[in-house]
Structure formats: C-alpha cells, structure tokens
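The block underneath contains the structure these notes are about, expressed in structure tokens.
For the numbers below, each heavy atom of this structure counts, side chains included, while hydrogens, waters and symmetry mates do not.
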Amino acid sequence: MYKKIEELKTQIKLNSNGTEKMFKTNLADFEGFNPKVRLYSLIHLKPGEEVEYHEHTGESETFFFLSGKGVYNDNGTNVDIVSGMVTLTPSGHGHSVKNTGNEMLAFIALIVVE
C-alpha cells in the first residue's frame, strides 16, 4: 500500500483565539493499520504555538524532530530542540513542545497503546 502525502488526511488545529495553531497529517491513513498505533502523524506547529503539557497513561509517545526550533518539556525538564532529536514519553510521564523559532516546527509523533 502507498499514498502520496497530499492524499493523506490533514487536520487543522486551532488555538483559543480561533487562529491556526498546527497542521496534523495522519501518516497511518490506511485501512487495517496496526490498532496499537493510536497516532502516527506529521505535525507542523506554527511559530509561538505549543502542544500543551499533558501526561500519557497506558500508552507512550515518541517525537522525531525534522526541522525548526523549539523547547521540549520532558516531564518538567526543558530541552532545546535540534533537528534529528528523538524523544520518548512513557506511560505515567508528561511532556509538551513549544515552537520558539520563526518557521514551522516539523516533527513526527507516534503514540503506541500498551
């Protein structure tokens, strides 16, 4: 199976004032994709925007940063993001990410259910 990126579903998320915050392209947009994969997406986060701090229970989330500049909150510890960085948030832990640059922050997010 294969699809071109423009054939995949992209969801636009809005911030509290109604403006565009991020674009989430579903990379798992295939019938019968592994049911343990709750999310497998290419995320583009606009400058100044963030994915708010949240915790995972019964699942883990991995980010792979492709481009842009930002700060990743790893369970309370802030880390500057560089291209090529991979993060893991296991069940029972939390994280957030903020775009601190002037360009889109692009990363792949994968959530796997235990």
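- Residue Leu42 is grouped with residue Val112 when hydrophobic side chains (ILVMFWY) are merged at heavy-atom distances under 4.5 angstrom, including chains of intermediate members.
- Counting all heavy atoms, side chain and backbone alike, Glu20 lies closest to Ile12 at CG-CG2, 3.7 Å.
- No donor-acceptor pair under 3.5 Å is formed between the side chain of Asp80 and the backbone N or O of Val71.
- Grouping Ile, Leu, Val, Met, Phe, Trp and Tyr residues whose side-chain heavy atoms lie under 4.5 Å apart, directly or via other members, leaves Tyr2 alone, with no other cluster members.
- Proximity of a side-chain donor or acceptor of Lys21 to a complementary backbone N or O of Glu50 within less than 3.5 Å is detected.
- Thr25 and Thr10 form a side-chain donor-acceptor contact under 3.5 Å, judged by distance and modelled atom types alone.
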Can you check side chain to side chain contact (heavy atoms under 4.5 Å, CB included) on Leu110 and Val37, steps first, answer last? CA-CA 7 Å; Leu110 172 67; Val37 175; 3.8 Å; yes
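- Between Val51 and Ser96 the shortest side-chain heavy-atom distance does not fall below 4.5 Å.
- When the side chains of ILVMFWY residues are joined at heavy-atom separations under 4.5 Å, either directly or via intervening members, Val82 and Leu105 end up in a single hydrophobic cluster.
- Once rounded to the nearest 0.5 Å, the distance linking CG of Asp29 with CG of Leu8 reads 5.5 Å.
- Contact record, Ser83 with Leu66: OG-O, 2.8 Å, taken as the closest heavy-atom pair.
- When each of His95, Glu114, His93 is checked for a side-chain hydrogen bond (donor to acceptor under 3.5 Å, both in side chains) with His56, only His95 meets the rule.
- Taking the six-membered ring where the residue is Trp, Tyr40 and Phe33 present parallel rings, their angle staying beneath 30° rather than reaching 60°.
- In this structure, Lys3 is positioned above the aromatic face of Phe30, its NZ or CZ under 6.0 Å from the six-membered ring centre and within 45° of the axis.
- To the nearest 0.5 Å, the span separating CE on Met1 from CD on Glu31 amounts to 8.0 Å.
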Glu59 and Arg38: salt bridge (Lys or Arg N to Asp or Glu O under 4.0 Å), yes or no, with the steps? CA-CA 9 Å; Glu59 63 187 22; Arg38 186 169 74 76; 2.9 Å; yes
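- Interatomic distance, Phe64 CZ to Ile43 CD1, rounded to the nearest 0.5 Å: 14.5 Å.
- You'll find the side chain of Ser60 reaches within 4.5 Å of the side chain of Leu88, heavy atoms only.
- The line from CG of Asn17 to CG of Asn15 is 4.0 Å long, rounded to the nearest 0.5 Å.
- No more than 12 heavy-atom neighbours from other residues, nucleotides or ligands sit within 6.0 angstrom of CG on Asn102.
- Closest of all the heavy-atom pairs between Pro47 and Gly101 is CB-O, 3.3 Å.
- Ile81 has its side chain out of reach of Lys69: every pair of non-hydrogen atoms, C-beta onward, lies at least 4.5 Å apart.
- Met104 has its side chain within reach of Phe23: a pair of non-hydrogen atoms, C-beta onward, lies under 4.5 Å apart.
- Taking the side chain as every heavy atom from C-beta outward, Asp74 and Thr87 never approach each other to under 4.5 Å.
- Residues Ile5 and Ile108 share a single hydrophobic cluster, defined by chaining ILVMFWY side chains whose heavy atoms lie under 4.5 Å apart.
- Looking only at side-chain heavy atoms (C-beta outward), Glu55 and Tyr53 come within less than 4.5 Å of each other.
- Within the 4.5 Å cutoff, the side chain of Leu39 has heavy atoms near those of the Lys24 side chain.
- Taking 4.5 Å as the limit, every side-chain heavy atom of Met22 sits out of range of all side-chain heavy atoms of Lys46.
- Across Leu27 and Ser41, no two heavy atoms sit closer than the pair CD1-C, 3.9 Å.
- Using the six-membered ring where Trp is involved, Phe63 and Tyr72 have ring planes that are perpendicular, over 60° apart on the 30 and 60° scheme.
- No side-chain donor-acceptor contact under 3.5 Å links Gln11 and Asn26.
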